[in-house]
Asks: 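Shown below is the structure under consideration.
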Amino acid sequence: MDEVAAAAAASETATGAGDTAAMIAASAPMFGVLDVVLLAGMAGFGIYWIYFRNQSKPQPPTTKGYTMQPNLISPKANDNSFITKMKASGKNIVVFYGSQTGTAEEFALRLVKEAARYGMKALYPADPEECEMEELSKLSEINNSLVIFCMATYGEGDPTDNASAFYEWLKTEEPDLTGVNYAVFGLGNKTYEHFNSMGKFFDKRLEELGATRVVAAGVGDDDGNMEEDFLTWKDTLWPAVLDFFGLEMNLQEISMRQYRLEIPDVLPEKLFTGEIARLRAYQTQRPPFDAKNPFLAQVTAWRELHKGGDRSCMHIELDISNSKLRYDAGDHVAVYPVNDPVLVNRFGELLSVDLDTPISLVNIDDQSTKKHPFPCPCTYRTALSHYLDITSNPRTHVLKELAEHTTNFEEKQKLLMMASSSLEGKELYQQWVLHDNRSLLHILEDLPSCKPSLDLVCELLTRLQSRYYSISSSSKLHPESVHITAVLLKYTTPTGRINKGVATTWLASKKPLPDEPPHQIPMFIRKSQFRLPARHQTPIIMIGPGTGVAPFRGFVQERLKMKREGKPVGDTVLFFGCRKKTEDFLYEEEFQESVEEGVLTLHTAFSREQPDKKIYVTHLLKEHGEYIWRILGQESGHIYVCGDARNMARDVHDIIIEVCSKYGQLTSSEAQAFVKKLETQRRYSADVWS
């Protein structure tokens with residue numbers, strides 16, 4: 001810059017110097033001393049740049065030279081291409097599952113294993129969320145191919161989370177599935193209005209798109225006997241498949257193991273200790289938080305809600321202030337529980353195994369995207385505590401596996417009988433396992449000659465699922481905390497054992513204690529359609545006996561806040577029921593405060609206070625039928641139901657139809673159509689469980 005400035009200054013001086021300056025310039029040498037110095041410096045820098053610059057840096061080791069050529073190696077197959085995997089491994093059956101609790105996935109795995117017994121090769125159960133489902137039409141390229149769908153219905157007739165994208169694609173697109181052969185088994189619960197809607201949808205839609213049904217769709221009812229429903233359908237599936245493809249029945253006795261045991265030699269910090277997906281995720285928390293990456297929330301409050309009696313109901317508050325999690329009243333909070341250490345230790349005692357042994361179960365099918373049944377490597381103790389459901393009733397295929405490791409003849413025959421499809425076997429299974437409520441651990445205790453390896457037990461047990469609770473707070477009032485309302489589950493089985501709820505027993509141990517670090521709970525938020533109306537002036541009716549009142553506590557909190565801010569609030573009516581006012585009237589003081597401030601109208605039913613007659617919320621609904629019709633039929637109000645699906649929710653639904661018919665002057669069919677319209681408009685919402 002100095003040279004430029006000097007040249008500019010010289011130019012300005014020379015401009016007025018006239019011919020004399022020009023003559024002097026003409027007589028001066030071509031290069032001055034400064035010019036020579038500058039030129040020499042530039043030449044030296046150029047020589048350094050070309051010859052010496054890289055000599056000061058460490059040189060990489062000498063390698064063979066090569067010329068860039070087009071890549072002649074085939075690119076690695078897309079991990080999501082199930083067609084490529086089937087062709088590469090010579091398999092002709094693929095089983096997809098839509099599963100929310102693990103049952104559909106378990107059934108899919110059983111079908112894969114059984115296919116091998118019939119001389120067919122099936123790809124390991126496939127998750128639609130992890131596959132290129134647009135390839136479904138290419139299945140016809142594989143000879144004698146078959147696709148099986150095990151699809152559960154979730155919520156109000158919705159697909160499961162992992163099948164939702166595939167469902168939307170199949171519903172809106174028009175792929176040509178001519179030449180695709182299929183079978184469907186649907187899982188549902190008859191206590192819900194939209195029973196098995198996903199199974200019915202997939203069975204019908206695949207046929208509409210040109211696919212060929214190989215066997216009639218199966219229907220599993222969790223309110224009845226899902227296992228028997230599946231076995232009955234499965235017994236028709238394989239003969240139909242063999243007949244369809246013209247194959248002969250040739251049952252093979254082969255190993256049904258899907259995983260092999262490896263004893264890893266790893267450092268303790270390389271072992272999973274309960275994380276859901278990412279190693280050390282609980283030590284280094286990173287958002288966003290969801291089902292595969294739960295947030296460790298601190299328990300900031302824990303109190304007993306029951307004032308008397310021998311039952312317990314907990315109110316728990318979780319701190320989410322550092323999580324960036326957001327929720328609305330009506331959403332669900334999911335927690336990942338831990339099994340009772342007493343039960344976990346019992347496995348080690350019965351099978352004489354050191355539970356702190358590191359293990360890794362590795363899928364023997366190298367084409368499978370699911371390399372392990374749960375996060376590995378870990379210890380037996382971690383697997384049994386965090387990853388496996390050790391308290392549920394085992395299904396019949398598990399009993400068959402256990403029989404192979406039972407030495408006593410009578411005990412072995414008992415297991416084989418229950419695993420058979422005979423009427424006597426089904427009745428024995430229904431009584432001895434389901435009615436008597438035996439878990440796999442109970443079977444090991446009651447059949448002492450049954451000694452399977454613990455790694456086989458870990459393969460047979462299903463995954464421990466997260467537990468969902470309706471959030472009992474409003475984010476408008478509690479933006480940095482989530483509240484849970486849960487009844488402690490504890491009961492005696494016909495065998496005299498005391499069974500305890502996995503999650504509620506674990507939550508009961510999370511009460512904060514002085515001078516001790518706060519307890520932490522892995523959790524995430526699941527969004528719901530169970531929502532307050534957008535306009536606070538819209539009247540609402542809430543029906544929630546027992547812990548069904550949980551989401552309505554959040555609704556009332558939100559409307560009370562609006563009222564205190566001077567905003568208009570519509571009628572807010574709650575029908576609540578419990579046993580006794582003095583024992584289990586949940587949040588009585590809070591609701592009474594809302595009544596006194598003119599926000600809430602409260603109707604209560606206490607079923608055990610009248611010795612000669614039990615009064616339930618359903619009785620109250622009939623008593624206030626005219627008012628309910630006015631809210632729904634004349635004021636465009638909303639109605640919400642939360643609680644037991646098997647009895648209460650169904651009874652409420654019938655009563656609402658009766659009320660609309662009686663006070664709305666509607667015929668029975670018109671009343672049903674009216675209520676159906678309320679549901680379609682999301683003015684009749686249900687958050688129920690069975």
Side-chain angles (χ1 to χ4, degrees), residues 101-103 106 189 191 222-228 304-306 309-314 316 334-351 355 381 383-396 398-399 402 414-415 418 427-448 450 452 454 457-458 460-469 484-511 521 546-547 579 584 643-647 689-690:
T101 63
T103 304
E106 177 198 342
N189 189 308
T191 59
D222 198 36
D223 189 48
N225 189 331
M226 179 76 79
E227 175 72 4
E228 186 170 333
E304 176 62 51
L305 292 177
H306 285 178
D310 56 358
R311 297 179 304 141
S312 171
C313 184
M314 301 166 283
I316 301 169
V335 302
Y336 283 102
V338 179
N339 284 312
D340 187 341
V342 174
L343 300 181
V344 171
N345 290 332
R346 192 79 178 106
F347 278 98
E349 296 167 2
L350 289 170
L351 300 178
L355 296 183
R381 187 180 306 280
L384 293 169
S385 299
H386 296 272
Y387 299 138
L388 298 172
D389 184 351
I390 64 175
T391 62
S392 62
N393 307 131
R395 301 195 188 276
T396 55
V398 174
L399 305 184
L402 293 179
K414 186 171 191 174
L415 290 170
M418 291 187 289
E427 290 177 349
L428 182 59
Y429 174 78
Q430 176 68 33
Q431 177 64 41
W432 199 76
V433 176
L434 299 183
H435 178 268
D436 291 348
N437 211 339
R438 281 182 171 87
S439 66
L440 192 150
L441 179 61
H442 297 154
I443 292 174
L444 296 180
E445 290 177 333
D446 293 346
L447 303 180
C450 182
L454 189 51
V457 169
C458 289
L460 294 175
L461 292 170
T462 57
R463 281 296 295 269
L464 181 61
Q465 300 294 321
S466 58
R467 301 308 203 257
Y468 291 93
Y469 298 94
I484 296 175
T485 307
V487 169
L488 180 63
L489 182 61
K490 183 179 179 181
Y491 58 95
T492 303
T493 71
T495 64
R497 292 181 170 95
I498 304 297
N499 276 8
K500 302 175 183 178
V502 175
T504 55
T505 299
W506 177 68
L507 289 171
S509 68
K510 300 303 178 183
K511 188 174 182 177
I521 291 180
T547 53
R579 294 184 180 182
D584 53 352
D644 168 48
R646 183 175 287 107
N647 298 309
W689 56 86
S690 60

Asks: Would you say that L461 contacts V457 through its side chain, given a criterion of any heavy-atom pair below 4.5 Å between the two side chains?
Replies: yes
Asks: Which pair of non-hydrogen atoms, one from A486 and one from T504, has the smallest distance, and what is that distance?
Replies: CB-CG2, 4.3 Å
Asks: Heavy atoms, side chains only, cut-off 4.5 Å: are L444 and P452 in contact?
Replies: yes
Asks: The criterion is salt bridge (charged side-chain N to carboxylate O under 4.0 Å, His left out); which residues satisfy it with R579, sequence neighbours excluded?
Replies: none
Asks: Please determine, by modelled atom types, if R646 and N189 share a side-chain donor-acceptor pair under 3.5 angstrom.
Replies: no
Asks: At what distance, to the nearest 0.5 angstrom, does CG of D340 lie from OG of S385?
Replies: 9.5 Å
Asks: For the atom pair OH (Y469) and CH2 (W689), what is the distance rounded to the nearest 0.5 Å?
Replies: 10.5 Å
Asks: Measure the shortest side-chain to side-chain distance between N499 and T391 over non-hydrogen atoms and say whether it is less than 4.5 angstrom.
Replies: no
Asks: Just jot down the salt bridge (charged side-chain N to carboxylate O under 4.0 Å, His left out) partners of R497, sequence neighbours excluded, or say none.
Replies: E445, D446
Asks: Would you call T462 and L388 a side-chain contact if the rule is heavy atoms closer than 4.5 Å?
Replies: no
Asks: Between the main-chain N or O of L384 and the side-chain N or O of N339, is there a donor-acceptor pair closer than 3.5 Å?
Replies: yes
Asks: Does atom NZ (K500) have a neighbourhood of more than 12 heavy atoms from anything else shown, all under 6.0 Å?
Replies: no
Asks: What's the spacing between T191 OG1 and D644 CG if we round to 0.5 Å?
Replies: 8.0 Å
Asks: Check D584 with R311, please: is the shortest side-chain N to carboxylate O separation under 4.0 Å?
Replies: yes
Asks: With rounding to the nearest 0.5 Å, note down the distance linking CZ in R438 to OG1 in T493.
Replies: 8.0 Å
Asks: Within the 4.5 Å heavy-atom criterion, are I390 and V502 side-chain neighbours or not?
Replies: no
Asks: Mind checking side chain to side chain contact (heavy atoms under 4.5 Å, CB included) for L434 and listing every partner two or more places apart, or none if nothing turns up?
Replies: N225, N393, Y429, Q430
Asks: Can you name the closest pair of heavy atoms from R467 and P337 and give their distance?
Replies: CG-CG, 4.1 Å
Asks: List for me each residue that meets salt bridge (charged side-chain N to carboxylate O under 4.0 Å, His left out) alongside E228, sequence neighbours excluded, and say none if there are none.
Replies: none
Asks: Less than 4.5 Å apart, side chain to side chain, heavy atoms only: is that true for L507 and I521?
Replies: yes
Asks: Apply side chain to side chain contact (heavy atoms under 4.5 Å, CB included) to K414 and list each qualifying residue two or more places apart in sequence or on a separate chain.
Replies: M418, L428, W432
Asks: List in chain and number order the residues that pass salt bridge (charged side-chain N to carboxylate O under 4.0 Å, His left out) with R395, two or more places apart in sequence or in another chain; answer none if no residue qualifies.
Replies: E106, E227
Asks: Taking the side chain as every heavy atom from C-beta outward, state whether I443 and L399 have any pair of such atoms under 4.5 Å apart.
Replies: yes
Asks: Got T485 and T547 here, is their nearest side-chain heavy-atom distance under 4.5 Å?
Replies: yes
Asks: Of the non-hydrogen atoms in L440 and P394, which two are nearest, and what is the gap between them?
Replies: N-CD, 3.8 Å
Asks: Please name the pair of heavy atoms, one in I498 and one in K490, separated by the smallest distance, quoted to 0.1 Å.
Replies: CG2-CE, 3.8 Å
Asks: Just verifying a value: how many Å separate H386 NE2 and Y336 OH, rounded to the nearest 0.5 Å?
Replies: 13.5 Å
Asks: How many angstroms lie between atom CG of L464 and atom OG of S392, to the nearest 0.5 angstrom?
Replies: 9.5 Å
